[in-house]
Trainee: 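Got a structure for you, written out below as structure tokens; questions coming shortly.
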Amino acid sequence: MILSFYPGPSKVYPQVATYLQDAYQSGILSVNHRSAEAMEMVKETYRLLHEKLEIPAEYSIAFISSATECWEIIAQSLTRQQSLHAYNGAFGQKWAEYTQKLGVEVIPKPFDLNDACELTEDAELICLTQNETSNGTQIRMATLEKIREQTTGLIALDATSSMAGVAFNWQLGDLWFASVQKCFGLPAGLGIMIYSPRALRRAEEINERNHYNSLLFIHENAAKFQTHYTPNVLNIYLLKRMLEQVPVLSEVAAHLKNRAQAMIQFFNQETHWEILAENPLIQSDTVLAITGEKEKINQIKINAKSHGIMLGNGYGKWKENTFRIANFPALTDNEFSIVKHFITQS
Ligand SMILES: *Cc1c(COP(=O)(O)O)cnc(C)c1O
């Protein structure tokens, strides 16, 4: 099997092989999603998410189908007129574009790759990409704290490639979302939304109920440990099993942060490659974007494959001049030694 460093879909935990077998054996795959068994599983998975990801008790959790779906949910259910989108990469920009297509007045606030996201404007809703998977940058909690201080609005954060890998101060955001094929180390097809009482109050004030995935409808189901549609029961099962075996997030996050630092130092000091974002204050802990000449990028990806290693392609504007390496929890330190060795030799 090829060793994948792709930042999503990414390497799944090897235990998934056993969990899949167990899921089949347990009979959970054939139960009705409103049955007691399914509700018990959803309830336990919420409990484990709260415990392992250290999510405040007053924040609610709901399952959706993907992070992309959440862009739509936010535009539908949490926005009266306007939403402000600050972004420095492809995912943040796409989010802004989709929101605009849904008829919301978007205030775009693009910022430079190496800048911290220093917003001074206020808006009813501020949309941020906590970890920009396309260029390997992140908005740190210290920056988020400043944004929080100067806004009366809600803050929504796309944490698709950092949730379960970075320790957030959850209180600094009102709605956080992710899909499980990145830091959660699971197959694609399940999204997770985590939201504050304030977000819920806003949704109640707006009272938008025109869509199957209207936030209030989602919440009413989630409060009963059900879902607003027949969910990916298999993936919820895998998530539960995975959460049972991982350490609490603060431990995982400290480990990943050190490993990211070591990899950044390795690329900048021991190779002819460079980390795309030079500013250490905004470099991502979970996705590394490495830059070099186009020809060399193509070559190293091909060489890697012949060594059983899959490097991530560049994305968006950086498609040609970067490759990416995921620093997700399912990847082991030993696997990082392997990729480092390969890069040193090639
Ligand atoms: C991967 C990714 C998405 C899209 O996730 P889906 O599961 O395909 O909806 C959105 N935002 C960011 C930052 C991502 O990394």
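All ligand and atom numbering here is 1-based and tracks the order in the structure.
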Trainee: Using modelled atom types only, decide if a donor and an acceptor are shared between the side chain of T143 and the backbone of I139 within a distance under 3.5 Å.
Mentor: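 Not confirmed, T143 side chain does not pair with I139 backbone.
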
Trainee: What atoms of ligand 1 come within less than 4.0 Å of a heavy atom belonging to N131?
Mentor: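 Matching atoms, with element in brackets: 13 (C).
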
Trainee: Within the side chain of K52, is there an N or O that forms a donor-acceptor pair under 3.5 Å with the backbone of V246?
Mentor: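 Yes.
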
Trainee: Can K296 and H272 be said to form a side chain to side chain contact (heavy atoms under 4.5 Å, CB included), step by step?
Mentor: CA-CA 10 Å; K296 287 184 176 157; H272 59 86; 3.9 Å; yes

Trainee: With sequence neighbours excluded, tell me which residues meet salt bridge (charged side-chain N to carboxylate O under 4.0 Å, His left out) with K94.
Mentor: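 Salt bridge (charged side-chain N to carboxylate O under 4.0 Å, His left out) list for K94, sorted by chain: empty.
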
Trainee: Looking only at distance, does A67 have an N or O less than 3.5 Å from an N or O of ligand 1?
Mentor: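 By distance alone, the answer is yes.
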
Trainee: Taking the six-membered ring of F5 (Phe, Tyr or Trp), confirm whether the NZ or CZ of K305 is under 6.0 Å from its centre and within 45° of its axis.
Mentor: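 No - K305 does not lie over the ring of F5 by the 6.0 Å and 45° rule.
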
Trainee: Search all heavy atoms of E132 against all heavy atoms of G92 and return the closest pair with its distance.
Mentor: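 Answer, listing the atom of E132 first, then G92: OE1-N, 3.0 Å.
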
Trainee: Show me which atoms of ligand 1 lie under 4.0 Å from any heavy atom of T68.
Mentor: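 Those of ligand 1 that fall under 4.0 Å from T68 are 4 (C), 6 (P), 8 (O), 9 (O).
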
Trainee: Heavy-atom contacts with K182 under 4.0 Å: which atoms of ligand 1 show up? List them by number with element.
Mentor: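 In order of number, 1 (C), 2 (C), 3 (C), 14 (C), 15 (O).
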
Trainee: For ligand 1, indicate whether the residue W71 contacts it via side chain, backbone, both or neither (heavy-atom separation under 4.0 Å).
Mentor: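 Under 4.0 Å from ligand 1, W71 contributes side-chain atoms alone.
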
Trainee: Answer side chain, backbone, both or neither: which part of Q181 comes under 4.0 Å from ligand 1, heavy atoms only.
Mentor: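 Side chain only; the backbone of Q181 stays clear of ligand 1.
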
Trainee: Quick one: which ligand 1 atoms are inside 4.0 Å of a heavy atom on T133?
Mentor: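 In order of numbering, the contacting atoms are 12 (C), 13 (C), 14 (C), 15 (O).
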
Trainee: Which of the atoms in ligand 1, numbered in the order shown and given with their element, are less than 4.0 Å from a heavy-atom of D158?
Mentor: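 In order of number, 10 (C), 11 (N), 12 (C), 13 (C).
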
Trainee: Below 4.0 angstrom from a heavy atom of S179, which ligand 1 atoms are there? Numbered from 1 as shown, please.
Mentor: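 Matching atoms, with element in brackets: 5 (O), 6 (P), 7 (O).
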
Trainee: Got a sec, which residues hit salt bridge (charged side-chain N to carboxylate O under 4.0 Å, His left out) with D115, two or more places apart in sequence or on another chain?
Mentor: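 Listed in chain order: nothing, the list is empty.
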
